[in-house]
Every structure is written in structure tokens, then in C-alpha cells.
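First listed ligand is number 1; within each ligand, the first listed atom is number 1. As a basis for the values below, the full set of heavy atoms in this structure was taken, side chains included, without hydrogen atoms, waters or symmetry mates.
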Amino acid sequence: MEIKTIGVVGAGTMGQGIAQVAIQNGFRVILRDLEDRLLQHARARIEKGLDRLVESGKISEGQKAEMMKMLITTTGMPDMKNADFVVEAATEEYAVKKAIFQELEKICRPNTILATNTSSISITKIGATTKRPEKVIGMHFMNPVPLLQLVEVIRGVETAAETAAATHDLAKRLGKTTVEAKDFPGFLANWPTGSSCP
Ligand SMILES: NC(=O)c1ccc[n+]([C@@H]2O[C@H](COP(=O)([O-])OP(=O)(O)OC[C@H]3O[C@@H](n4cnc5c(N)ncnc54)[C@H](O)[C@@H]3O)[C@@H](O)[C@H]2O)c1
């Protein structure tokens with residue numbers, strides 16, 4: 001299935017960046033957070049990010065306007081039913097992610113891949129909270145997402161090869177370079193000093 005619409009759950013630092021990069025690359029985005037004020041803030045930050053591209057001559061005002069039309073914001077998780085691929089970028093707490101993945105699995109089509117941007121929680125553990133662990137994967141963007149090229153793809157024990165292939169492919173369509181990283185909690189304990197990761 002061709003991915004045209006990306007669901008992004010969590011409109012904080014990372015969700016904003018992922019949504020911006022997605023609309024820049026022609027995807028429709030459904031961006032979900034808990035409150036309208038957070039979504040308004042996110043929309044303003046994304047628009048500011050695109051303004052920088054206009055100022056540097058990389059895109060026109062018209063292109064920016066078209067990109068902003070591709071962004072839908074919502075407080076309703078059920079809107080994720082229209083997503084072809086979901087990236088969860090919510091608060092880094094297992095209980096929060098567990099609740100989100102359990103909701104997503106009920107709402108999203110059975111073949112929709114559910115990716116998480118987690119920095120430290122096991123993908124296998126998140127996948128095990130669902131009945132589709134083969135469709136659950138880590139897609140670890142770096143901060144700031146619009147500027148940093150690397151995306152780590154992290155397979156859980158049950159992640160299917162097709163899920164990983166589709167995730168690499170999507171990251172490339174977002175203009176990113178991918179590497180595979182191992183799934184073990186706290187892998188950031190050895191993260192190099194000065195990295196943008198928490
Ligand atoms: N900030 C970084 O440098 C960085 C880098 C790579 C990965 N990450 C990972 O990305 C994820 C997000 O990090 P962040 O820095 O953007 O966090 P953040 O605190 O800026 O944003 C998290 C957002 O998630 C929202 N949220 C919480 N529960 C939600 C729910 N049920 N549905 C929708 N939204 C919900 C919060 O309201 C908040 O707006 C984390 O897993 C983090 O580990 C962060």
C-alpha cells in the first residue's frame with residue numbers, strides 16, 4: 001500500500017519536526033495531541049520552520065501555503081483511522097506509549113505500521129502491548145528533525161521484515177538516511193556526549 005497520509009501522535013518538539021518534514025515531502029499529516037492549545041503552538045512552530053525555507057529561497061510562499069494545507073491537527077485519536085503509517089512521538093513514558101498503542105491498534109487499519117520515536121523504551125515491549133507486534137517498529141528521528149539526516153530503524157523481536165523495509169523506504173521519502181540500531185532499553189546510556197538526544 002502506498003503511504004500518503006502519516007499520523008503523528010504527540011505534537012511536541014519531535015512531533016512538530018516529523019510533521020514538518022512530512023508535509024515538506026508531499027505527505028498529508030494528521031497530528032494529534034491532547035489539547036488544542038498544544039496543537040496551535042505546534043502549527044505555529046511548523047509554519048515558522050517553513051518560513052525559514054521561504055526566507056532562504058528554498059521554497060516559495062505558494063509552496064509553503066500548499067504544505068500547510070496538508071497538515072490536519074486533531075485532539076481526537078479516532079482521526080488516526082485515516083493514517084497509512086503512524087509515528088508515535090508522545091511523552092517518553094511506557095504507560096503513555098502503551099495506552100497510545102492499544103488505542104491505535106483498535107483504530108488503525110490492520111496493515112497500518114505503528115512506529116515509535118522512543119529513545120529508550122524497548123520496541124519489543126511496546127510491540128507486545130498490541131496484537132500486531134509484527135507491525136510495530138522504532139523510527140528514531142534526531143532533534144531537530146528538519147535539519148538532521150539520520151533516522152534509526154529499530155526492530156523488535158517480532159517486527160516483520162516488510163515492516164522494516166517499509167519504514168526505511170518511508171524515511172528515505174522524507175529525505176532521511178537510515179541505519180538499523182539494536183533494540184535494548186537504555187541504549188542511550190552510551191550515547192555520545194553532545195548528541196541532540198535526551
Ligand atoms: N527531544 C529529543 O531530542 C528527542 C530525540 C529523539 C527522540 N525523542 C523521543 O521522541 C518522543 C517525543 O519527545 P519530545 O521531545 O517531542 O517530547 P515533548 O514533551 O516535546 O512532546 C511530547 C508531546 O506528547 C504529547 N502527548 C502525551 N500523551 C499523548 C497522547 N496520549 N496522545 C497525543 N499526544 C500526547 C504531550 O502533550 C506533548 O505535547 C519521546 O519518546 C522521546 O524520547 C526525543
**Request:** Verify the distance criterion only: is there a donor paired with an acceptor across the side chains of Thr116 and Glu88 at less than 3.5 Å?
**Result:** yes

**Complete:** For Glu180, the salt bridge (Lys or Arg N to Asp or Glu O under 4.0 Å) test, sequence neighbours excluded, returns Arg155

**Prompt:** Looking only at heavy atoms, is any part of Met142 under 4.0 Å from ligand 1, and if so is it the side chain, the backbone, or both, or is it neither?
**Reply:** neither

**Asked** Do Lys4 side-chain atoms and Asp84 backbone N/O form a donor-acceptor pair below 3.5 Å?
**Response** no

**Request:** Please could you name the atoms of ligand 1 that Leu38 approaches to less than 4.0 Å, counting only its heavy atoms?
**Result:** 37 (O)

**Message:** If you define the side chain from C-beta out and look only at heavy atoms, does anything of Glu92 sit under 4.5 Å from Lys97?
**Reply:** yes

**Message:** With heavy-atom distances below 4.0 Å as the criterion, list the atoms of ligand 1 near Val96.
**Reply:** 28 (N)

**Message:** Suppose I only count heavy atoms of His140 and a 4.0 Å limit; which atoms of ligand 1 are within that range?
**Reply:** 6 (C), 7 (C)

**Fill in**
One finds that the ligand 1 atoms under 4.0 Å from a non-hydrogen atom of Thr118 are 41 (O)

**Of the listed options Met14, His41, Gln16, closest to atom 44 (C) of ligand 1 (non-hydrogen atoms)** = Met14

**Backbone of Leu114 reached by a side-chain donor or acceptor of Arg132 within 3.5 Å** = no

**Message:** Need the ligand 1 atom indices (1-based, order shown) with element for anything under 4.0 Å from a heavy-atom of Arg32.
**Reply:** 30 (C), 31 (N), 32 (N), 33 (C), 34 (N)

Output a table of donor-acceptor pairs, distance under 3.5 Å, between side-chain atoms of residues 34-46 and any protein atom two or more places apart or on a different chain; print 'none' if there are none.
{"residue": "Glu35", "atom": "OE1", "partner": "Arg37", "partner atom": "NE", "Å": "2.7"}
{"residue": "Glu35", "atom": "OE1", "partner": "Arg37", "partner atom": "NH2", "Å": "3.4"}
{"residue": "Arg43", "atom": "NH2", "partner": "Leu71", "partner atom": "O", "Å": "2.9"}

**Asked** Nearest to atom 41 (O) of ligand 1 by heavy atom, Glu35, Met80, Glu92: which?
**Response** Glu92

**Prompt:** Is it the side chain, the backbone, both or neither of Thr91 that has a heavy atom closer than 4.0 Å to ligand 1?
**Reply:** both

**Message:** Closer than 4.0 angstrom, basic N to acidic O: yes or no for Lys69 and Glu66?
**Reply:** yes

**Asked** Hey, are Asp183 and Lys125 close enough for a salt bridge, meaning a charged N less than 4.0 Å from a carboxylate O?
**Response** no

**Request:** Take every heavy atom of Lys97, measure it against each atom of ligand 1, and state whether any distance is under 4.0 Å.
**Result:** yes

**Item:** Within reach of ligand 1, part of Asp33 (heavy-atom separation under 4.0 Å)
**Value:** both

**Lys98 NZ: over 12 foreign heavy atoms closer than 6.0 Å** = no

**Asked** Looking at Gly10, which atoms of ligand 1 are within less than 4.0 Å of one of its heavy atoms?
**Response** 24 (O), 33 (C), 34 (N)

**Atom indices of ligand 1 within 4.0 angstrom of Thr13 heavy atoms, with elements** = 15 (O), 16 (O), 20 (O)

**Request:** Provide the number and element of each atom of ligand 1 under 4.0 Å from a heavy atom of Val9.
**Result:** 32 (N), 33 (C)

**Prompt:** If you measure from each non-hydrogen atom of Asn117 to ligand 1, which part falls under 4.0 Å: side chain, backbone, both or neither?
**Reply:** both

**Complete:** The option among Ala90, Ala89, Gly138 carrying the non-hydrogen atom nearest to atom 40 (C) of ligand 1 is Ala90

**Request:** Dump the intermediate steps for side chain to side chain contact (heavy atoms under 4.5 Å, CB included) on Met67 and Ile59, then the final yes or no.
**Result:** CA-CA 10 Å; Met67 288 171 187; Ile59 61 170; 3.9 Å; yes

